[in-house]
Amino acid sequence: MSINLPLDRADFLYGGRFFMHVYNPTEIEERWQQRWKEENFYRAVIDDTKTKYFVLEMFPYPSGKLHMGHMRVYSIGDVLARFLWMRGYNVIHPMGWDAFGLPAENAAIEHKVNPSVWTMQNIEHMKKQQNRLGLSYDWHREVNTSAPDYYRWSQWLFLLMYRRGLAYRKKAGVNWCATCNTVLANEQVEKGLCWRCSSAVESRELEQWFLRITDYAEQLLNDLDILEDWPERVKVMQRNWIGRSEGAEIAFKLKDFPGQEIRTFTTRPDTLFGVTYMVLAPEHPLVKQLVEGTENEEAVLEFVARVRQESEIERTSDEAPKVGLFTGRFAVNPVSGEEIPVLVGNYVLMAYGTGAVMGVPAHDQRDFLFARQYSLPIRVVIQHSEEEPSEETMTEAYTGAGRMVNSGPFNGLNSSDGITAITTYLAEQGQGHFRITYRLRDWLISRQRYWGAPIPIVYCENCGIVPVPEEDLPVELPVALELSDNRVPNLAGYPTFVQTTCSTCGGPARRETDTMDTFICSSWYFLRFTSPNYVDAPFDSKEVDYWMPVDQYVGGIEHAVLHLLYARFFTKVLNDAGLIKVKEPFSRLLAQGMVYKDGAKMSKSKGNVVTPDEIVERYGADTGRLFILFAAPPEKDLDWSDQGVEGCHRFLRRVWRLVEECAMQFKGERGCADPGEAEMELQRSVHAAIKKVTHDIGERFNFNTAISAIMELVNSIYAYRQASSGDRQNHAVLRESLKQTVLLLAPFVPHLAEEIWHSFGYGGSVHRQPWPQYDPHKLQVNEVEVVVQINGKVRGKITVPANYPEDKLIEAARSNQRVDELLIGKEIVKTVAVPGRLVNIVVK
RNA sequence: GCCGGAGUGGCGGAACAGGCAGACGCAAGGGACUUAAAAUCCCUCGACCAUAUUGGUCGUACCGGUUCGAUUCCGGUCUCCGGCACCA
C-alpha cells in the first residue's frame, strides 16, 4: 500500500502496462503549502469591484496542540473560503489567538517559564499544525490577544464602556472559584461548577467591575429575530439565558414602619388579592431592621447567616427544603388593606427581581407547598371552572388564567385584563408600576489573575476612581517570573506595577490589580482582523466598514451563550458609539458538532484520542479533511472511524490512479473523435455533479453529500472507461470530465487538486479558477424511466421520451405487459400521472 | 416543569418541493488476479415469505388522520440529546 512506501516519489509497475507515480500526500502537500506561502496566496485586500465575504472560525486558545475538534472547524471554514474564492468573492479568512487565560499560568508553574513564553511557543507550534492542514489563512492579519498592541485596544474599549456608563464597580455577591482563585461571570458557572476546572463555585461578597450588559437585554433578545441564518437552538439558548418576564413591581407598606415599604416583582398582578404572606431573601437589606427587637431576632439572624454560607449548589439544589422564618412583622396589601406576615426564606434570590416575593399559594405551586408546610392561609382569586375550588381540598395550585373572584372591584375580569387593571390602579395610587425583569445579570469582568489585560483604572486618595488616559495605554503587564505558593502572583504582588501617580492630581495612587475576563478580548477580535496593525484606534473604520459583518462564522455550540452573547453586546455598544455600522457581528452561524469516537468524547483517560498530526502523517491532510467533512453533516456530532478514514484515502488514491491512467492513455492512444451516447451520459454525470456540489456547499452546507456526489462522478468516469476501452474512448470528453472533477474537489482536498491540475498542464492555481457552472442542456435526457404504480405500489417501470405528455404516459403505462395483467378484472377509479416521475393507477 | 432538536439497514448517513426508501461510504460475505500477501477489480448485502434466475408481504420510534400516494404534512404518544429552572 502506498502509504507505507518511502516518501520519495516511487515508481512501480502497475497492471503490467504503465509506469506510474504513487499518490504521495506528504510530498505533494508540503510542496504546495510552500508555494502558497511564498506567493502570499490568501492575502485579502479591499477590492470594490468584488463582493466581500468574511469567513471566520472561532479562534483557538493556544493550548499547544490541535485536536480533532479544531480540525473539524477549520476544515469547514476552509472549504467555504476556497469555494467562495472560486465563485469570485473577495474572501477574507483570518486566524489568530485567544491567548490570555489560566492554562498559561498553570504551565508557568509547571515548567518554570513565563506565561508569555509558553504562549508564544504554543502559537508557533499550533500555527505549524494548522498550516500542515493546508488552511487558507491570511497570516498577515494574525492577531494575538495577549500582545500589548492588541490588549491596548481591549483596554481602550473598557474605557469607552466606562465613559458611556457601561463599566462600573459595585460590591455584590459574586461567584468565586477557589481552585482558579478568581471570580467568574454568571455565564461561566455551569450547574454550580466552574466552566474551566469544574470545581464548586462559592458565593463571596466582593467589590468588582461589571459591564452593564443588562442595558442591552432587550436589544440582544429582539435582534435574535433578525439573525435568520443562525441555528434555532443557539437562539433559543440565548433567549433562555436572557430570560425576559413581564409583570409588575408592587409596593407593600410595612406596618409599624411608617414610610417604609417592601417592593416585590410578580408576573401575576391579577392574583394580588390572593396574597397571604410575603417572603424576603436572606440578603434583603430590610431583614435586619425588621427583626430588630422582636423575639424572632436571634433565630432569623442565625438562619440568615447559615444560608449565606451555603454554596450555590446547596442553595439551589432540588432537594434543599424550603425554609421560612417569621420576622414578627406585617406588610399591608395595597389593594385589600389586609395585613400579611413577612417571612425570610431560603428560596428567594436577592439577585432576581427585587429580592422579595409575594406569596399566592392558590395560584403558584411553590407558594402552595410552602403555605401547606407552614399552615399559611390559601385564598382562591382566579376561577377557571364551573365549581369554585375549595381551599381546604385543593391538592395543587391553579397557575393558569381565569376569571377573577374574591378580588373586590376587579371581580369578573379575566386574568389578562386584570393584570392591566390592577397594575394601572396601583400606578395611580403610587404603589406600583409595569416592569420587565431579566434573568441576565451584568457581566462581572474582574479576574484576580495575572495573565490577562490589566483593567486600566487607578485609585487615587484624592480623586477616587481615575481611568488611565488613553495616551498612556497600554497598561502593560509586568514580566512574571517569580512564583509563590505554586501560583503566579496576581498583579497585587508586583509593587512597582501597583504604585503609580494619579493622572489628574499627580498625587500617589495605586493601580487596579485585577485583569479583565478573557472573553472581553474575544468580544471584538473579528473587528481587529480587518486592520490588525492599525495604531490610531482599535480598527480602521474604512476597513471595518468594508469587511464587516462576518458573513459566515463557524464554531462550537459551547459558546452559544458565552462568547456569542458577549460579542453581540460589544457590537451593539460600538454601534451606539458610532464606531461601526453593523448592529450584529455574525450574519450566519454554523455551530458544528463534536467529534466522538466509540460513542465518547475523545479523551486521554478513555484512550480514544486520534490527533490531526497522526492522520496527516499517515494519510495526509487531504484525506483527514475529506473524512471529517464526509462522515456527517457539519452541525451533527461526528463519530470518528479509522476505517472511514481508510475509505476516504482509498477514494483519493482512486482519483489519483484514474488521472495517471488517463494521462498515460492520452499520450499513447489516439482516442475517437465522435462523441456518442456514452459520452453524452458522461457529460450528464459531470454536470449533475456540478449542480449538486454547488448547491450542497453554497446553499445547504452539506459537505457530506457534496463529497458523495463527487464520488459518484468518479465512479461514472471509471464506468465510462471500462465500457469503452482503448481507441473507442473520446479523449476530449474524458479530459474535460477530469478537469471538472478536479475543480469540484479543489475546496475539499486542496493539495491533491492543485497537483493534478498542474500535472494536466493547466496554468495558474486550481484555487483561482472560476467555479464550474453546469449547463442545463447537458443535463437533458432523451429518455426517462417512469414508475408505474397500482394503488401506490410499484408494479412496473417504463422507459419513455423525457417530454412525454400526460396522456401518452398513461397510455404507455397501461400497455405495459405486467401492469396490463394486473389490471384484468379491476375497475380503474382514477389515474394520476406526474410526467418524468410516475403513473399511479387507482383500482377497485 | 417550560423551551428547542432528533429518532431511517450491522454502522456513518442519503432521499433538496408529498412521488421508486436506503444514494455515497464503512463493515460483512462470495469471486477474479497473485506462488502468496498487499493493492486492485467484479458480485451480493433491510426483514420475512415464495412456486427462490424477473414474485409477494412488511418496513423510516409508536398510534391515528389528510392524500391517488407520507421518512416528508396534521393530531396524539414514547424515547433520547440539549438549554433554562426555588426566576416569583
Side-chain angles (χ1 to χ4, degrees), chain A residues 1-2 4 12 14-16 22 190 231-245 247 264-268 271 278-279 281 315-318 320-322 345-349 351-360 364-367 369-370 399 437-439 557 560-561 627 630-633 635-648 650-651 653-654 657 692 695-696 699-700 702 704-712 714-715 718 722 785-797 818 829-834 836-843:
Chain A
M1 195 163 72
S2 63
N4 292 328
F12 78 119
Y14 180 84
V22 170
E190 292 166 354
E232 191 57 31
R233 59 173 168 159
V234 173
K235 293 197 275 188
V236 165
M237 283 159 82
Q238 294 212 356
R239 280 191 199 107
N240 284 344
W241 189 259
I242 295 168
R244 181 183 195 272
S245 10
T264 66
F265 174 74
T266 179
T267 53
R268 294 294 302 272
T271 64
M278 168 164 291
V279 191
R315 229 177 123 175
T316 58
S317 116
D318 286 344
K322 290 177 187 34
N346 61 347
Y347 68 92
V348 179
L349 308 171
Y352 183 78
T354 60
V357 177
M358 62 184 218
V360 187
D364 180 285
Q365 184 59 19
R366 191 197 42 208
D367 291 351
L369 294 171
F370 191 77
T399 57
T437 55
Y438 301 91
R439 214 192 67 95
I557 189 75
V561 171
F627 169 74
F630 178 62
E635 71 281 4
K636 281 189 74 167
D637 288 340
L638 181 153
D639 234 335
W640 186 267
S641 149
D642 292 332
Q643 284 153 335
V645 181
E646 287 277 353
C648 284
R650 226 163 13 230
F651 169 70
R653 285 211 311 271
R654 205 164 128 83
R657 208 165 50 237
K692 182 160 174 60
H695 185 237
D696 284 355
E699 314 290 327
R700 301 205 313 152
N702 278 12
N704 54 331
T705 51
I707 292 166
S708 70
I710 303 174
M711 287 172 168
E712 282 179 86
V714 170
N715 290 345
Y718 266 100
Q722 199 168 34
E785 194 185 59
V786 167
V787 170
V788 183
Q789 299 180 332
I790 295 174
N791 287 344
K793 288 191 170 139
V794 181
R795 296 300 180 200
K797 287 174 186 182
R818 207 175 112 63
V829 181
K830 190 177 182 180
T831 307
V832 180
V834 183
R837 287 220 182 252
L838 59 66
V839 176
N840 189 12
I841 302 166
V842 188
V843 298

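Chain letters run A, B, ... following the sequence lines, proteins first, then strands; residues in each count from 1.
- In this entry the distance linking CG of D642(A) with C1' of C11(B) reads 14 Å, nearest Å.
- For W241(A), the listed nucleotide lying nearest its side chain is C84(B); candidates were C84(B), G13(B), G19(B).
- Applying the 4.0 Å criterion to OP1 and OP2 of C86(B), one finds that K322(A) has every side-chain N and O outside that range.
- No contact: G243(A) has no heavy atom under 4.0 Å from any strand.
- The side chain of R818(A) sits closest to G55(B) out of G13(B), G55(B), A88(B).
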| request: List the steps, then state whether side chain to side chain contact (heavy atoms under 4.5 Å, CB included) holds for H695(A) with R700(A). | output: CA-CA 7 Å; H695(A) 185 237; R700(A) 301 205 313 152; 3.7 Å; yes
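- By the 4.0 Å N-to-carboxylate-O rule, E232(A) lies close enough to R239(A) to be salt-bridged with it.
- Comparing G9(B) with G4(B), their C1' atoms sit 29 Å apart, to the nearest whole Å.
- Between K793(A) and C58(B), a side-chain N or O to OP1/OP2 separation shorter than 4.0 Å is present.
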| said: Could you walk me through whether D364(A) and R268(A) satisfy the side chain to side chain contact (heavy atoms under 4.5 Å, CB included) test, starting with their C-alpha distance in whole Å, then the side-chain angles of each, then the deciding distance to 0.1 Å, before giving a yes or no? | reply: CA-CA 10 Å; D364(A) 180 285; R268(A) 294 294 302 272; over 6 Å; no
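- Across U57(B), C42(B), A14(B), the shortest atom-to-atom separation from the side chain of Q722(A) is found for C42(B).
- Taking only side-chain nitrogens and oxygens, N702(A) never comes nearer than 4.0 Å to OP1 or OP2 of C16(B).
- Rounded to the nearest Å, the gap between the C1' atom of C42(B) and that of C33(B) is 11 Å.
- If you measure from atom NZ of K797(A) to atom P of G55(B), you get 10 Å, rounded to the nearest angstrom.
- If you check every strand for non-hydrogen atoms under 4.0 Å, P231(A) touches nothing.
- Considering CG of L838(A) and NZ of K797(A), their distance stands at 12.0 Å, rounded to 0.5 Å.
- Among the atoms of the strands shown, only primed sugar atoms or phosphate atoms (P, OP1, OP2) are found under 4.0 Å from some heavy atom of N715(A).
- A distance of 12.0 Å separates CD1 of I710(A) from CG of N715(A), quoted to the nearest 0.5 Å.
- Proximity of a side-chain donor or acceptor of Y718(A) to a complementary backbone N or O of R654(A) within less than 3.5 Å is detected.
- You'll find that the side chain of H695(A) is closest to C16(B), out of C16(B), C41(B), A27(B).
- Rounded to whole Å, the separation between the C1' atoms of U35(B) and C45(B) comes to 32 Å.
- Comparing A21(B) with A15(B), their C1' atoms are spaced 7 Å from each other, to the whole Å.
- Remark on RNA chain B: of its neighbouring residues R795(A) and N704(A), the 5'-side contact belongs to N704(A), judged by nearest-heavy-atom nucleotide.
- Taking side-chain N and O atoms only, R366(A) has a distance below 4.0 Å to OP1 or OP2 of C87(B).
- With C1' as the reference atom, U79(B) and A61(B) are 8 Å apart, rounded to whole Å.
- Protein atom CE of M237(A) is 10 Å distant from nucleotide atom C1' of G4(B), rounded to whole Å.
- Heavy atoms of D637(A) sit under 4.0 angstrom from primed sugar atoms or phosphate atoms, though from no base atom.
- Across the P atoms, G31(B) and G22(B) are found 28 Å apart, a figure rounded to whole Å.
- Here U72(B) presents its C1' atom at 13 Å from CZ of R837(A), a figure rounded to the nearest Å.
- Atom NZ in K830(A) sits roughly 17 Å away from atom P in G19(B) (whole-Å rounding).
- Q238(A) places a side-chain N or O within 3.5 Å of a backbone atom of A560(A) that can act as its donor or acceptor partner.
- Using a 4.0 Å cut-off, no side-chain N or O of T437(A) falls inside it from OP1 or OP2 of A88(B).
- Look at A38(B): it lacks any Watson-Crick or wobble partner with both distances under 3.5 angstrom.
- E699(A) comes within contact range of no nucleotide atom at all, as no heavy-atom separation falls under 4.0 Å.
- Among the protein residues, V360(A) comes within range of no part of the nucleic acid, since none of its heavy atoms lies under 4.0 Å from any strand.
- The side chain of R657(A) has U40(B) as its nearest neighbour among C24(B), A88(B), U40(B).
- In a base pair of the Watson-Crick type (N1 to N3 plus N6-O4 or O6-N4) or a G-U wobble (N1-O2 and O6-N3), with each distance short of 3.5 Å, G69(B) is matched with no nucleotide.
- If you check U40(B), C86(B), G82(B) against the side chain of R653(A), the one that comes closest is U40(B).
- F630(A) has its ring centre no less than 6.0 Å from the ring centre of F651(A).
- Using a 4.0 Å heavy-atom criterion, one finds that Q789(A) contacts the bases of the nucleic acid, with or without backbone contacts as well.
- In textbook terms, a nucleotide whose glycosidic angle is within 90° of 0 is syn, while G13(B), being further out, is anti.
- Phosphate contact (OP1/OP2 of C41(B), side-chain N/O of R654(A), threshold under 4.0 Å): present.
- In this structure, the nucleotide among G19(B), A88(B), G12(B) sitting nearest to the side chain of D639(A) is G12(B).
- Atom OH in Y347(A) sits about 21 Å away from atom P in G1(B), given to the nearest Å.
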| field | I707(A) and T705(A): CA distance, side-chain angles, deciding distance, side chain to side chain contact (heavy atoms under 4.5 Å, CB included) verdict | value | CA-CA 5 Å; I707(A) 292 166; T705(A) 51; over 6 Å; no
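- Dashed line: the shortest gap from a side-chain N or O of K636(A) to OP1 or OP2 of G13(B) is under 4.0 Å.
- Dashed line: the shortest gap from a side-chain N or O of R650(A) to OP1 or OP2 of C26(B) is under 4.0 Å.
- Counting any heavy atom pair closer than 4.0 Å across all strands shown, T264(A) reaches no nucleic acid atom.
- For N840(A) (side chain) and V832(A) (main-chain N/O), no donor-acceptor pair under 3.5 Å exists by modelled atom type.
- Comparing R700(A) and I707(A) by the nucleotide of RNA chain B that holds the closest heavy atom to each, the one mapping nearer the 5' end is R700(A).
- Rounded to an integer number of Å, the gap from D696(A) CG to A15(B) C1' is 12 Å.
- Side-chain N/O atoms of N840(A) and base N/O atoms of C68(B) include a donor-acceptor pair closer than 3.5 Å.
- With distances taken from any side-chain atom of Y352(A) to the nucleotides A88(B), G12(B), G19(B), the minimum falls on A88(B).
- Comparing A88(B), A14(B), A23(B) by their closest approach to the side chain of S708(A) singles out A23(B).
- Protein atom CD of E712(A) is 8 Å distant from nucleotide atom P of G25(B), rounded to whole Å.
- Nucleotide G59(B) forms no Watson-Crick or G-U wobble pair with any nucleotide shown, as no partner meets the under 3.5 Å limit on both distances.
- At the heavy-atom level, V787(A) lies under 4.0 Å from base atoms of the strands shown.
- For G22(B), there is no paired nucleotide, since no Watson-Crick or G-U wobble pair has both relevant distances below 3.5 Å.
- Closest contact between the side chain of F630(A) and the listed nucleotides C68(B), G12(B), A88(B) involves G12(B).
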